[in-house]
Amino acid sequence: MPPFLAGSCARQRSLLMTSTPLVTRFAPSPSGHLHLGNARTALLSYLAARKTGGRFILRVEDTDESRSNDVFMQSLFDNLRWLGLDWDEGPDVGGPQAPYRQQQRRAIYEGWLAKLDAAGLTYPCYCSPAELSLSRKRQLAAGKPPRYAGTCRELNAAQQADRVARGLPAALRFRVPTAQTVSFDDVVHGSQSFATDDIGDFIIRRTDGSTAFFFSNAIDDALMGVTLVLRGDDHLTNTPRQLLILQALQLPAPRYAHVALLIGMDGAKLSKREGAMSLGDLRALGYLPGAVRNHLVRLGHSCVTDGWLDDAAMLADFDLARLGRAAARFDEAQLLHWQKEAVAHLSDEAFRDWIAEHLPSGLTGSQLATFAAAVRPNIVFPRDAMQWVAVVFGEPTALAPEAADAIKEAGADFFASAVQVFERGLDFRQTVREIGQATLRKGPGLYMPLRAAITGETHGPELAPLLTLIPAAEITARLSRAQQLASA
RNA sequence: GCUCCCAUCGUCUAGAGGCCUAGGACACAGCCCUCUCAAGGCUGGUACGAGGGUUCGAAUCCCUCUGGGAGCGCCA
């Protein structure tokens, strides 16, 4: 390890950032939809690579065929791209180390498995799942760590032949060395060391012939030239296992950055209720990708900038040295804030496209532009446009109770005057001024009844632009209706 | 149970022994602006989990405890 990579303090982590192009990867298993926690890991990995001019790899870890499927894989690609990430190598774009789906890399794994075997570091294990779980339970009950008991570790050739003859399927285990210490320097946690005696022999190939995570994941990182593995904290204590394999095979070990997990507001795992918080769900709710990015990049990573970060600014602001160690809670209130920012930062065209599905067809360009500009500050999600579409382009909706109150407060005479002035077809400012003169009202007392009568609400976008879009006859009709209500 | 990780406002966080009377952002409350809401501006309340050390001085370093989390899977 180059000396400048040693140690773990922030300054050195900064050095790591600026001096070397990093090769990072995101390695999801396609066994479910992309969750927020994973999305954050992907984002951070992506930023680390892009920031240093390195490469970002997408590798699909689908060795467990029963849990993986192509629908989830496609959904993963979609959601990642929606988030704004792109990758230099991956199942769908190829690359020098193709294939990038682990199911398709079995031949590669077999080669490395053979090397491990030749070194005497593997052995077949004939224990059944039932036996293993029983053994685990017993150990737990006895207050001991539930590790593999080593039942098959020292089987001789005859004993092995016997199991084979009995038709017992064999998994392959890695022979963990005794009395050693595995050390590494974590980018976020600093130096770590683990005793191999605390690690039980673990399975690297299942009875069905597929390789297990500890093995294939480590091998692929090495083979694909990954130099920084940025992943969840939950892998921290798994790391020595992977280091042991890499060591045994004389493969280069990456640097590891274990970021704290994302948890829910209740402090518990981000999953059950937040199962509604997969990227796809957020997207369906109408959240903008930039909002999600801005929120995620500040979870477990502190930004120098408090405000909105566009793509370039986010890249500039990102720094491995500012990755945090403590678990972060997902707080939807903060996401909502970034959503508002995201809406504000949309271009006019993008904003119109965003709410397009709720807009009536056949609007002129200028109607569209006026409407969008007027309504934008009041919209957080596309569906929020519906209310104002109804007010402006549709039939009057039911009066909100506060609106009815405001109308009654103003009185029938107010609306009688208002109708008269409106019928003269003056521009908005002039109209309001004259209504004010005629009714001796001003300020809120003048605008509120008009707003209430015309929009049915006591709050909403600026009145003037809205009124230019509503047919004059419709406006006077609504005012007359208000007049009736007020005199009733 | 064993091993490991973590601990600053309600939330995200700044903080690498004196710049800390603990800063910012979100949220909340109030005021201003304003035709309303939103936006914007200003103001306010709220935090170093506890106890011991080390030191002239600790949010910061050490120890213990407490609380949370992860791993110990033929899941990844």
Side-chain angles (χ1 to χ4, degrees), chain A residues 9-11 27-29 31-32 38 61-64 66-68 125 127-129 132-133 136 139-148 169-173 186 188-189 192-195 197-200 202-208 210-214 216-217 231-241 258 260-261 263 265 267-269 295 298-307 322 324-338 340 344 376-380 402-403 406 432 442-452 455 457-464:
Chain A
C9 82
R11 214 177 317 187
S29 97
S31 55
N38 283 144
E61 309 222 327
D62 54 356
T63 58
D64 187 345
S66 60
R67 295 190 186 203
S68 304
C125 172
C127 299
S128 73
L132 292 171
S133 101
R136 260 192 296 277
Q139 296 181 73
L140 243 14
K144 297 172 121 178
R147 280 200 284 277
Y148 179 58
L172 202 63
R173 283 190 190 266
D186 191 89
V188 349
H189 292 281
Q192 304 289 313
S193 78
F194 296 85
D197 288 344
D198 288 334
I199 305 172
F202 53 92
I203 288 186
I204 53 180
R205 187 180 60 199
R206 308 182 182 100
T207 50
D208 69 0
S210 62
T211 46
F213 169 78
F214 290 131
S216 34
N217 176 269
R231 45 159 44 162
D233 240 357
D234 48 340
H235 287 293
L236 188 61
T237 48
N238 288 156
T239 306
R241 276 163 250 262
H258 288 100
L261 262 15
I263 56 181
M265 274 306 274
K269 258 192 157 170
H295 182 47
R298 284 170 237 258
L299 255 26
H301 172 267
S302 60
C303 289
V304 174
T305 314
D306 275 333
R322 290 197 306 271
R325 296 151 303 275
R329 292 174 192 234
F330 170 77
D331 181 359
E332 198 170 2
Q334 311 220 21
L335 213 210
L336 219 44
H337 168 253
W338 293 116
K340 290 175 188 168
R376 178 150 155 166
N378 291 74
I379 286 184
V380 179
E402 316 82 67
V432 173
K442 59 183 180 181
L446 171 57
Y447 280 85
M448 188 50 76
L450 291 175
R451 170 179 294 280
T455 72
E457 294 286 349
T458 53
H459 59 83
E462 236 189 303
L463 222 36

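Every chain is numbered from 1, with letters handed out A, B, ... down the list of sequences.
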Assigned partner base of [N], Watson-Crick or wobble definition, under 3.5 Å:
N: rG44(B); value: rC28(B)
N: rC72(B); value: rG1(B)
N: rU36(B); value: none
N: rC9(B); value: none

[atom1] atom, [N] versus [M]: distance in rounded Å?
N: rC74(B); M: rA16(B); atom1: C1'; answer: 45 Å
N: rU11(B); M: rC2(B); atom1: P; answer: 30 Å
N: rG49(B); M: rU13(B); atom1: P; answer: 15 Å
N: rC33(B); M: rG41(B); atom1: C1'; answer: 8 Å
N: rG67(B); M: rC26(B); atom1: C1'; answer: 26 Å
N: rC28(B); M: rU46(B); atom1: C1'; answer: 10 Å
N: rU21(B); M: rG40(B); atom1: C1'; answer: 30 Å
N: rU3(B); M: rG15(B); atom1: C1'; answer: 30 Å

For [X], all residues meeting side-chain contact (heavy atoms from CB on, under 4.5 Å), sequence neighbours excluded:
X: Thr237(A); value: Phe194(A)
X: Glu402(A); value: Ala400(A), Thr458(A)
X: Asp197(A); value: Thr178(A), Ala179(A)

Rounded to the nearest Å, what distance is computed from the [atom1] atom of residue [X] to the [atom2] atom of nucleotide [N]?
X: Ile263(A); N: rC5(B); atom1: CD1; atom2: P; value: 18 Å
X: Asn378(A); N: rA39(B); atom1: CG; atom2: P; value: 10 Å
X: Asp186(A); N: rG71(B); atom1: CG; atom2: C1'; value: 15 Å
X: Leu446(A); N: rU34(B); atom1: CG; atom2: P; value: 15 Å
X: Leu261(A); N: rC4(B); atom1: CG; atom2: C1'; value: 14 Å
X: His459(A); N: rA39(B); atom1: NE2; atom2: P; value: 13 Å
X: Arg376(A); N: rC37(B); atom1: CZ; atom2: C1'; value: 17 Å
X: Asp331(A); N: rC26(B); atom1: CG; atom2: C1'; value: 7 Å

Kindly write out the residues that satisfy salt bridge (Lys or Arg N to Asp or Glu O under 4.0 Å) with [X], not counting sequence neighbours, or none if the list is empty.
X: Glu61(A); answer: Arg59(A)
X: Arg173(A); answer: none
X: Asp62(A); answer: Arg101(A)
X: Asp331(A); answer: none

Checklist entry - Hey, does Gly300(A) reach any base, or is it just sugar-phosphate, or nothing, if we go heavy atoms under 4.0 Å? => result sugar-phosphate

Checklist entry - Just checking Ala328(A): base, sugar-phosphate only, or nothing, at a heavy-atom cut-off of under 4.0 Å? => result sugar-phosphate

Next on the checklist: Suppose we call a contact any N or O donor and acceptor under 3.5 Å apart; does that hold for the side chain of Arg298(A) and the base of rC12(B)?
Outcome noted: no

Polar atoms only, N or O, under 3.5 Å: list the protein pairs with nucleotides 6-8 of chain B and their distances.
from	atom 1	to	atom 2	distance (Å)
rC6(B)	OP1	His189(A)	ND1	3.2

Item to check | Any residue meeting ring pair (Phe, Tyr, Trp, His ring centres under 6.0 Å) with Phe213(A), in chain and number order, not counting sequence neighbours | outcome: His235(A)

Using a cut-off of under 3.5 Å, enumerate the N/O to N/O pairs linking the protein to nucleotides 72-76 of chain B.
from	atom 1	to	atom 2	distance (Å)
rC72(B)	O2'	Pro146(A)	O	3.4
rG73(B)	OP1	Pro146(A)	O	2.4
rC74(B)	O2	Thr207(A)	N	3.1
rC74(B)	O2	Thr207(A)	OG1	3.1
rC74(B)	N3	Thr207(A)	OG1	3.3
rC74(B)	N4	Cys127(A)	O	3.0
rC75(B)	OP2	Arg206(A)	NE	2.9
rC75(B)	O3'	Arg206(A)	NH2	3.4
rA76(B)	OP1	Thr63(A)	OG1	2.8
rA76(B)	OP1	Asp64(A)	N	3.2
rA76(B)	OP1	Arg206(A)	NH2	2.5
rA76(B)	OP2	Arg206(A)	NH2	2.3
rA76(B)	O3'	Glu61(A)	OE1	3.1
rA76(B)	N1	Asn238(A)	OD1	3.3

Next on the checklist: If you define the side chain from C-beta out and look only at heavy atoms, does anything of Gln192(A) sit under 4.5 Å from Thr239(A)?
Outcome noted: no

Next on the checklist: Treating Gln139(A) as the side-chain partner and Arg147(A) as the backbone partner, does any N or O pair qualify as donor plus acceptor under 3.5 Å?
Outcome noted: yes

Item to check | Under 4.0 angstrom between Thr237(A) side-chain N/O and rU3(B) OP1 or OP2 | outcome: no

Checklist entry - Side chains of Asp233(A) and His189(A): is there a donor and an acceptor less than 3.5 Å apart? => result yes

Next on the checklist: Run the side chain to side chain donor-acceptor pair (under 3.5 Å) test against Ser29(A) and tell me which residues pass, sequence neighbours left out.
Outcome noted: Ser31(A)

Next on the checklist: One pair to check against side chain to side chain donor-acceptor pair (under 3.5 Å): Thr455(A) and Arg451(A). What are the steps and the verdict?
Outcome noted: CA-CA 6 Å; Thr455(A) 72; Arg451(A) 170 179 294 280; 4.9 Å; no

Short N/O separations, protein against nucleotides 27-33 of chain B, under 3.5 angstrom:
none

Next on the checklist: Quick check: on RNA chain B, is the nucleotide nearest Leu463(A) upstream (toward 5') of the one nearest Ala142(A), or the reverse? Name the residue that is more 5'.
Outcome noted: Ala142(A)

